[in-house]
Amino acid sequence: MDDMVAGAEQGAPPGDLACCKDSLLRSPTPDTLIRICDGLVGDGRFADALRLILEVTSLRLDDWKLSLAGATVILRYSACYDIVETLLRNVLRCSPDNVPAQSFLAHIRMAAGDIAGGCGLFADMTQRYPAERANICEFISMSLLEVGYPEEALKILRSHLQGGEVTAALLNNLACALERLNRSAEALPWYERALALDRSKPEISFGYSCTLLKAGRLREGWELYVGRKLIVDDETAWFMSLPRLRHGDDVAGRKVLLFSEQGLGDTIQFIRLVPFLLERGAEVTALVPRTLVRLLAQSFPGVSVHDKKGFGEKTGYSYAAPIPDLPYIAGVMSVRDIPDTVPYLRADDGDVARWAALMPVARPRVGLVWAGDRRTQSEHVMADKRRSTTLADMGAALTPADVTLVNLQFGRPRAEIATWEGQALFDPMDGVRDMADTAAIMKNLDLVISVDTAPLHLAGAVGCPVWLISRWDACWRWGDVGDSSPWYPNMRVFRARERSFAPVLQEVGRALRNWI
């Protein structure tokens with residue numbers, strides 16, 4: 001918290017933040033607080049939003065709805081559980097029987113790692129508020145799902161639904177539990193029941209679409225998937241008002257703007273389908289994160305590729321589409337329709353040679369990625385914990401091995417190399433400017449071993465043999481079962497079968513020694 005508040009000094013000018021505070025004090029409603037803070041965060045000023053919440057709620061401690069709104073905003077954008085708990089304690093001081101606030105408190109206990117403590121609070125609530133059991137069951141099942149206990153969530157949901165109130169939210173949670181247990185076919189009827197009760201909740205439709213895709217029912221899945229709420233930095237960006245490109249639209253002679261959405265891995269996975277538009281005569285512009293600009297420009301010379309953060313408003317575009325819509329636009333309606341042409345991303349020959357000169361000579365060379373990007377939003381933090389391991393755990397399982405290990409880990413988890421005392425690990429990442437450099441390094445490797453994160457997709461896209469260490473609740477794109485992927489023919493999938501990565505890492509270690 002200290003770092004965040006200190007960072008606020010580099011945010012908006014004090015007068016600007018003072019205006020926000022004055023506006024809130026004139027109209028101290030939860031909706032106003034949420035709207036202003038969402039705007040601040042949208043401008044990259046979470047520290048300012050946090051400071052504003054703390055200042056305004058401290059001046060109005062008896063307005064519990066304001067404290068609850070502040071807690072909701074903070075958890076939406078961070079994992080500051082201690083601050084959220086302080087605000088919730090104030091809510092319960094004013095409104096002791098507030099079930100949502102109590103459920104919220106139990107959830108953050110579990111999110112912070114106190115699973116038993118959170119479950120104890122939920123159990124106590126169930127006894128004290130029998131009329132609220134459906135709502136409490138919804139809260140506890142979702143908390144269990146987010147912290148990685150789908151089997152336990154499923155048991156609680158089945159027990160409640162045997163004789164308790166049935167709601168769309170409970171049916172959705174049960175379907176989600178089955179999907180995370182890699183039982184997608186079983187999950188689909190529960191999603192359908194949930195939608196029959198309530199079609200207004202976008203999270204139900206989105207979960208259903210991803211589960212259809214995971215089950216291999218691509219035609220139905222894409223049709224729903226394109227209706228998702230887009231994950232973009234700026235929902236008011238000028239191109240968001242352009243007509244959304246759909247399957248069957250005539251693009252001959254038309255200007256089409258594609259923009260990145262969701263993560264880097266999604267852009268890398270789905271950009272393979274841009275030739276579909278080029279072959280039909282479209283003039284394509286792609287807006288992507290800076291780290292992908294050079295790689296995509298050299299891979300698709302027929303596309304005008306730009307950093308999405310510096311591209312001003314332009315005229316003449318007929319359509320826009322998020323890049324993850326491309327499979328739907330291109331008519332990828334079954335697994336057989338997935339283009340298997342690899343590589344489809346190209347490393348620059350000069351870059352490949354430059355990195356080759358820096359590499360250790362001994363082969364085979366094996367690149368390692370053990371963790372995803374460290375995100376800030378609570379739900380993403382928990383998802384990242386489920387997909388990531390550590391260098392210590394991966395290294396212990398894979399070594400000693402008669403290979404040259406090469407680090408491909410970027411971001412904060414790379415700091416783990418400083419305390420690594422095992423087999424030598426060559427680390428070239430200080431010289432990496434962008435994904436084009438990483439692609440060039442990969443062209444000098446014989447194998448990449450990675451958890452489910454962007455470099456995994458990059459290895460698949462540039463044609464480097466790659467082994468995926470998939471979390472036990474596998475992402476929809478890897479399906480429920482199997483050791484291969486139709487998206488990347490050069491990929492071998494190793495699936496964790498429990499929350500711990502230890503057994504699957506041992507499996508990968510044995511496979512590596514056999515591969516050598």
Side-chain angles (χ1 to χ4, degrees), residues 141-142 145-146 148-151 153-155 157-158 161 168-199 201-229 247 262-263 265-266 269-270 272-273 322 324-340 383 386-387 452 456-457 460 468-489 491-498 504:
S141 57
M142 182 52 66
L145 287 170
E146 290 193 8
Y149 289 81
E151 190 72 58
L154 183 62
K155 290 177 182 177
L157 288 160
R158 287 198 186 280
L161 291 173
L170 290 171
L171 295 172
N172 174 71
N173 288 2
L174 192 148
C176 183
L178 288 167
E179 180 272 323
R180 292 196 181 180
L181 289 165
N182 300 310
R183 295 158 60 180
S184 296
E186 292 179 60
L188 293 172
W190 293 98
Y191 275 122
E192 289 157 8
R193 285 183 61 186
L195 288 168
L197 284 180
D198 188 350
R199 290 191 172 273
K201 291 184 169 60
E203 63 271 17
I204 300 179
S205 294
F206 182 70
Y208 183 41
S209 70
C210 290
T211 305
L212 284 165
L213 294 172
K214 192 173 183 179
R217 292 167 56 176
L218 270 56
R219 179 183 298 274
E220 301 155 275
W222 293 130
E223 288 175 356
L224 279 174
Y225 186 76
V226 296
R228 70 196 178 280
K229 178 177 171 56
H247 177 64
Q262 303 181 54
D266 297 270
Q269 180 178 1
F270 300 123
R272 73 181 70 201
L273 290 156
D325 277 9
L326 283 174
Y328 164 74
I329 294 166
V332 179
M333 301 305 176
S334 72
V335 171
R336 293 185 299 275
D337 296 329
I338 299 173
D340 60 359
R386 297 200 304 273
R387 70 170 174 165
D452 189 358
L456 173 92
H457 291 275
L468 160 63
I469 303 173
S470 176
R471 65 182 193 257
W472 52 269
D473 57 332
C475 177
W476 67 262
R477 68 199 78 216
W478 313 127
D480 288 323
V481 296
D483 60 3
S484 62
S485 168
W487 293 100
Y488 301 110
M491 176 181 288
R492 180 176 177 183
V493 181
F494 293 82
R495 297 177 183 271
R497 294 174 179 81
E498 53 193 275
V504 72

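Numbering starts at 1 and runs along the sequence shown. Heavy-atom basis, side chains included; hydrogens, waters and symmetry copies ignored. Because the structure is a prediction, the values reported are computed rather than measured.
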What residues form a ring-ring contact (aromatic ring centres under 6.0 Å, His included) with Tyr149, not counting sequence neighbours?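 In terms of ring-ring contact (aromatic ring centres under 6.0 Å, His included), with neighbours along the sequence ignored, Tyr149 is linked to no residue.
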Set of ring-ring contact (aromatic ring centres under 6.0 Å, His included) partners for Tyr488, sequence neighbours left out: His457
Distance check, rounded to the nearest 0.5 Å: [X] atom [atom1] versus [Y] atom [atom2]?
{"X": "Arg495", "Y": "Ile469", "atom1": "CZ", "atom2": "CD1", "value": "13.5 Å"}
{"X": "Trp472", "Y": "Arg387", "atom1": "CH2", "atom2": "CZ", "value": "14.5 Å"}
{"X": "Leu224", "Y": "Tyr328", "atom1": "CG", "atom2": "OH", "value": "10.5 Å"}
{"X": "Cys210", "Y": "Arg477", "atom1": "SG", "atom2": "CZ", "value": "8.5 Å"}
{"X": "Glu203", "Y": "Met142", "atom1": "CD", "atom2": "CE", "value": "8.0 Å"}
{"X": "Ile204", "Y": "Leu197", "atom1": "CD1", "atom2": "CG", "value": "8.5 Å"}

Take Leu188 and Tyr208 through the side-chain contact (heavy atoms from CB on, under 4.5 Å) test and state the conclusion after the steps. CA-CA 7 Å; Leu188 293 172; Tyr208 183 41; 3.5 Å; yes
For [X], all residues meeting side chain to side chain contact (heavy atoms under 4.5 Å, CB included), sequence neighbours excluded:
{"X": "Ser334", "result": "Arg336, Asp337"}
{"X": "Pro486", "result": "Val335, Ile338"}
{"X": "Ala175", "result": "Ala187, Trp190, Tyr191"}
{"X": "Leu181", "result": "Pro150, Glu151, Leu154, Arg183"}

Compare every heavy atom of [Y] with every heavy atom of [X], then report the nearest pair and how far apart it is.
{"X": "Met491", "Y": "Ser485", "result": "SD-CB, 4.1 Å"}
{"X": "Asp266", "Y": "Pro324", "result": "CB-CG, 4.2 Å"}
{"X": "Pro322", "Y": "Arg228", "result": "CG-NH2, 3.6 Å"}
{"X": "Val493", "Y": "Gly482", "result": "CB-O, 3.9 Å"}
{"X": "Gly221", "Y": "Ser209", "result": "O-CB, 3.6 Å"}

Taking side chain as C-beta onward, heavy atoms only, is [X] less than 4.5 Å from [Y]?
{"X": "Leu161", "Y": "Leu171", "value": "yes"}
{"X": "Arg471", "Y": "Val504", "value": "no"}
{"X": "Phe270", "Y": "Trp487", "value": "yes"}
{"X": "Leu145", "Y": "Glu179", "value": "no"}
{"X": "Leu218", "Y": "Val332", "value": "yes"}

Residues that [X] engages under side-chain hydrogen bond (donor to acceptor under 3.5 Å, both in side chains), provided they are two or more places apart:
{"X": "Trp478", "value": "Asp452"}
{"X": "Ser184", "value": "Asp480"}
{"X": "Arg180", "value": "none"}
{"X": "Gln262", "value": "Tyr225"}

N/O donor-acceptor pair under 3.5 Å between [X] side chain and [Y] backbone:
{"X": "Trp222", "Y": "Pro327", "answer": "no"}
{"X": "Lys214", "Y": "Ala474", "answer": "yes"}
{"X": "Asn182", "Y": "Val481", "answer": "no"}

Tell me, please, which residues at least two apart from Glu498 pass salt bridge (Lys or Arg N to Asp or Glu O under 4.0 Å). none
Per the salt bridge (Lys or Arg N to Asp or Glu O under 4.0 Å) rule, what does the pair list look like for residues 189-198, sequence neighbours excluded?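 Every salt bridge (Lys or Arg N to Asp or Glu O under 4.0 Å) pair that includes a residue of residues 189-198, provided the two are not neighbours, is Asp198-Lys201.
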Quick check: are there more than 12 heavy atoms from other residues, nucleotides or ligands sitting under 6.0 Å from CZ of Arg158?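 Counting neighbours around CZ of Arg158, more than 12 heavy atoms of other residues, nucleotides or ligands fall under 6.0 Å, so yes.
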